[in-house]
Number of protein chains: 2
Amino acid sequence: MSHTLGIRQAQKQKTRQALLDAALGLLEEQSLSSLGLREVTRAVGVAPTAFYRHFRSIADLGVALVEEALGSLHPMIRTTVTAADSSEERIARAIQLIAGHVDAYPAHVRFIARERHGGVQPVREAIRDQLVRFAQEVSAELAKDPESAGWSEDDLLMLAHLYVDQMLITASLFLEALEGTAEDRERVTQLATRQMRLISIGRHHWRD
Amino acid sequence: MSHTLGIRQAQKQKTRQALLDAALGLLEEQSLSSLGLREVTRAVGVAPTAFYRHFRSIADLGVALVEEALGSLHPMIRTTVTAADSSEERIARAIQLIAGHVDAYPAHVRFIARERHGGVQPVREAIRDQLVRFAQEVSAELAKDPESAGWSEDDLLMLAHLYVDQMLITASLFLEALEGTAEDRERVTQLATRQMRLISIGRHHWRD
DNA sequence: TCATCCAGTTAACAACTGTTCTCTGGATTT
DNA sequence: AAATCCAGAGAACAGTTGTTAACTGGATGA
């Protein structure tokens with residue numbers, strides 16, 4: 001059911017993607033609020049005014065980056081939380097998944113961590129919306145687990161937010177460890193694993 | 001034992017503080033990496049070149065802001081964790097303390113949350129160092145608690161980091177709720193309380 | 001085939017940036 | 001009282017920024 005794009009539309013999307021990629025690269029050493037429109041177009045090799053054919057402003061481009069970075073992550077998260085194996089195995093797998101994602105898309109992870117509390121309001125809101133969606137989805141998956149018997153919806157959402165925040169913290173630690181040694185990364189894995197374990201224990205004894 | 005500063009030194013410190021205050025104000029709507037030196041001096045009402053009498057660069061000023069925002073917080077944290085009352089009361093008091101701090105110094109809290117993963121490396125490192133110190137101090141206080149019997153140093157530090165991160169998340173939520181209604185703030189209190197409670201439960205059953 | 005469209009170009013704008021060098025005048029020290 | 005110091009001012013520098021307007025030329029659709 002794929003409709004082949006015309007030459008013009010295809011070229012336009014190519015340039016648009018080049019702008020997004022260039023911006024993401026430039027954002028490794030600065031924040032979005034200091035990223036210049038000309039800086040981005042210069043990196044791509046197009047005229048500054050071409051930018052306006054794709055985005056109204058840098059903030060607009062930032063919102064598009066949020067969608068690119070988080071939009072495709074929902075199914076991955078759902079299946080990770082769902083999993084039918086033991087709690088300990090699930091933790092190990094989740095952390096392995098985070099580590100792998102940071103390895104594969106470090107710039108996206110950095111962007112989200114940086115701009116979650118960054119200086120550009122529309123981007124902050126876009127990230128917050130995505131994270132709220134994550135928490136809702138995690139909450140919905142948790143509800144299916146027999147261990148969630150007797151849990152209120154509020155408490156499930158509370159736990160889901162804890163998980164989502166913990167995921168981001170862990171991703172950020174893996175990111176810092178990317179330029180470090182293998183031991184650095186192993187230490188992050190150990191730390192994150194034990195923190196998740198402690199939260200799981202808290203979850204297990206919550207109903208008391 | 002206070003040595004009265006000379007007129008010149010006093011005036012210099014006054015200007016320096018004015019620069020810090022102005023910068024903090026301007027940072028409510030942008031990130032440090034986009035803050036201009038001229039922007040700051042203009043807000044204070046001094047010549048751009050006067051900036052160099054106090055800071056080598058904007059990054060340098062940022063590091064000074066980190067010290068101002070977090071430097072004086074260490075004793076407060078120590079005493080909060082120490083506390084001799086029940087776990088539930090300790091949680092309520094800690095969260096109340098965070099809420100009060102956000103009310104009193106919203107710009108400082110915003111600055112730390114924003115620049116923790118921000119685009120200016122020296123500032124990121126300064127914040128990280130301070131947070132590591134917090135975690136070490138919390139860890140040292142936890143070690144005194146009889147409930148920490150049988151805990152390894154690594155595990156204490158793991159828990160301490162969890163507490164510190166949770167504090168920052170909570171502070172950030174209170175900050176968002178500052179412009180909201182009283183119910184918004186109450187909801188944050190409820191959420192943070194239950195998350196802390198769950199972590200406490202996890203801590204209590206850790207040795208299993 | 002011919003008219004229309006539209007992604008990207010070119011040129012120009014006023015406004016802004018960090019940094020340098022030189023200078024001033026009141027505080028400080030001798 | 002005289003010499004020194006030094007926080008801040010002033011002017012100028014080359015480079016940068018976002019945004020506007022009018023344009024070109026290949027793809028598109030009638």
Side-chain angles (χ1 to χ4, degrees), chain A residues 2-65 115 118-123, chain B residues 2-23 25-27 29-65 115 118-123:
Chain A
S2 77
H3 178 246
T4 314
L5 259 47
I7 287 185
R8 203 144 76 178
Q9 289 290 325
Q11 184 52 243
K12 181 173 185 182
Q13 287 217 4
K14 209 171 181 178
T15 306
R16 188 188 131 103
Q17 191 58 47
L19 289 169
L20 289 170
D21 293 348
L24 207 53
L26 292 165
L27 284 174
E28 303 210 353
E29 296 165 339
Q30 61 182 314
S31 302
L32 188 67
S33 85
S34 67
L35 182 65
L37 163 169
R38 297 182 96 106
E39 202 178 348
V40 177
T41 56
R42 192 186 314 132
V44 173
V46 297
T49 48
F51 183 90
Y52 293 106
R53 298 289 178 193
H54 303 277
F55 307 101
R56 217 184 297 267
S57 64
I58 285 287
D60 197 22
L61 175 144
V63 171
L65 276 178
E115 300 305 330
V120 183
Q121 201 194 33
V123 172
Chain B
S2 77
H3 178 246
T4 315
L5 261 47
I7 285 184
R8 202 143 78 179
Q9 289 291 324
Q11 184 51 244
K12 182 174 185 182
Q13 288 217 3
K14 209 171 181 178
T15 305
R16 188 189 131 103
Q17 190 58 48
L19 288 169
L20 289 169
D21 293 349
L26 292 165
L27 284 174
E29 296 165 339
Q30 61 183 313
S31 303
L32 189 69
S33 85
S34 66
L35 184 64
L37 161 169
R38 296 182 95 104
E39 202 178 346
V40 177
T41 55
R42 191 186 315 130
V44 172
V46 298
T49 48
F51 183 89
Y52 293 106
R53 298 288 177 191
H54 304 276
F55 307 102
R56 218 185 295 266
S57 64
I58 285 287
D60 197 21
L61 176 145
V63 171
L65 277 179
E115 301 304 330
V120 183
Q121 201 195 33
V123 172

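Throughout, a chain's letter reflects where its sequence line sits, starting with A, and its residues are numbered from 1. Keep in mind the model is a prediction, meaning the values are calculated, not measured.
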Test side-chain contact (heavy atoms from CB on, under 4.5 Å) applied to A:Tyr52 and A:Leu37, step by step:
CA-CA 9 Å; A:Tyr52 293 106; A:Leu37 163 169; 3.4 Å; yes
All stems with DNA chain C, defined as three or more consecutive Watson-Crick or G-U pairs under 3.5 Å:
C:1-12 with D:19-30, C:14-17 with D:14-17, C:19-30 with D:1-12
Heteroatom pairs (N/O) under 3.5 angstrom, protein to nucleotides 26-30 of chain C:
residue: C:dG26; atom: N2; partner: B:Arg8; partner atom: NH1; Å: 2.3
residue: C:dA27; atom: O3'; partner: B:Arg8; partner atom: N; Å: 3.4
residue: C:dA27; atom: N3; partner: B:Arg8; partner atom: NH1; Å: 3.4
residue: C:dT28; atom: OP1; partner: B:Ile7; partner atom: N; Å: 2.6
residue: C:dT28; atom: OP1; partner: B:Arg8; partner atom: N; Å: 3.1

So which atom in [X] and which in [Y] form the shortest heavy-atom distance, rounded to 0.1 Å?
| X | Y | result |
| --- | --- | --- |
| B:Glu39 | B:Leu26 | O-CD1, 3.8 Å |
| A:Ser33 | B:Ser34 | OG-OG, 2.7 Å |
| B:Pro48 | B:Thr41 | CA-OG1, 3.5 Å |
| A:Val44 | A:Ala18 | CG2-O, 3.4 Å |
| A:Val120 | A:Ala59 | CG1-CB, 3.7 Å |

Does A:Phe51 reach the side chain of A:Ile58, with side-chain heavy atoms less than 4.5 Å apart?
yes
Taking the side chain as C-beta and beyond, is there a heavy-atom pair between B:Arg16 and B:Arg53 under 4.5 Å?
no
Closest to side chain of B:Pro48, choosing from C:dT9, C:dT19, C:dT17:
C:dT19
Closest to the side chain of B:Lys12, out of D:dA9, D:dG18, D:dA7, is D:dA7
Rounded distance in Å - [atom1] ([X]) to [atom2] ([N]):
| X | N | atom1 | atom2 | value |
| --- | --- | --- | --- | --- |
| B:Gln30 | C:dT17 | CD | P | 10 Å |
| A:Gln13 | C:dG8 | CD | P | 11 Å |
| B:Ile58 | C:dT17 | CD1 | C1' | 11 Å |
| B:Phe55 | C:dG18 | CZ | P | 15 Å |
| B:Arg53 | C:dC23 | CZ | P | 15 Å |
| B:Phe51 | D:dA7 | CZ | P | 15 Å |
| A:Glu39 | C:dC16 | CD | P | 20 Å |
| B:Asp60 | C:dG18 | CG | P | 15 Å |

Which residue lies toward the 5' end of DNA chain D, A:Tyr52 or B:Gly45, if each is placed at its nearest nucleotide?
B:Gly45
Test applied, side-chain contact (heavy atoms from CB on, under 4.5 Å); reference residue, B:Leu20; option that passes from B:Thr15, B:Leu61, B:Val40
B:Leu61
Confirm from the modelled atom types if B:Arg38 and C:dT19 form a donor-acceptor pair under 3.5 Å, side chain to base only.
yes
Given the structure, check if the side chain of A:Thr49 and the base of C:dT10 hold any donor-acceptor pair shorter than 3.5 Å.
yes
Please determine if a side-chain N or O atom of A:Arg42 lies less than 4.0 Å away from the OP1 or OP2 oxygen of D:dT17.
yes
Distance below 4.0 Å between B:Ser57 side-chain N/O and C:dG18 OP1 or OP2
no
Does atom CD (A:Glu29) have a neighbourhood of more than 12 heavy atoms from anything else shown, all under 6.0 Å?
no
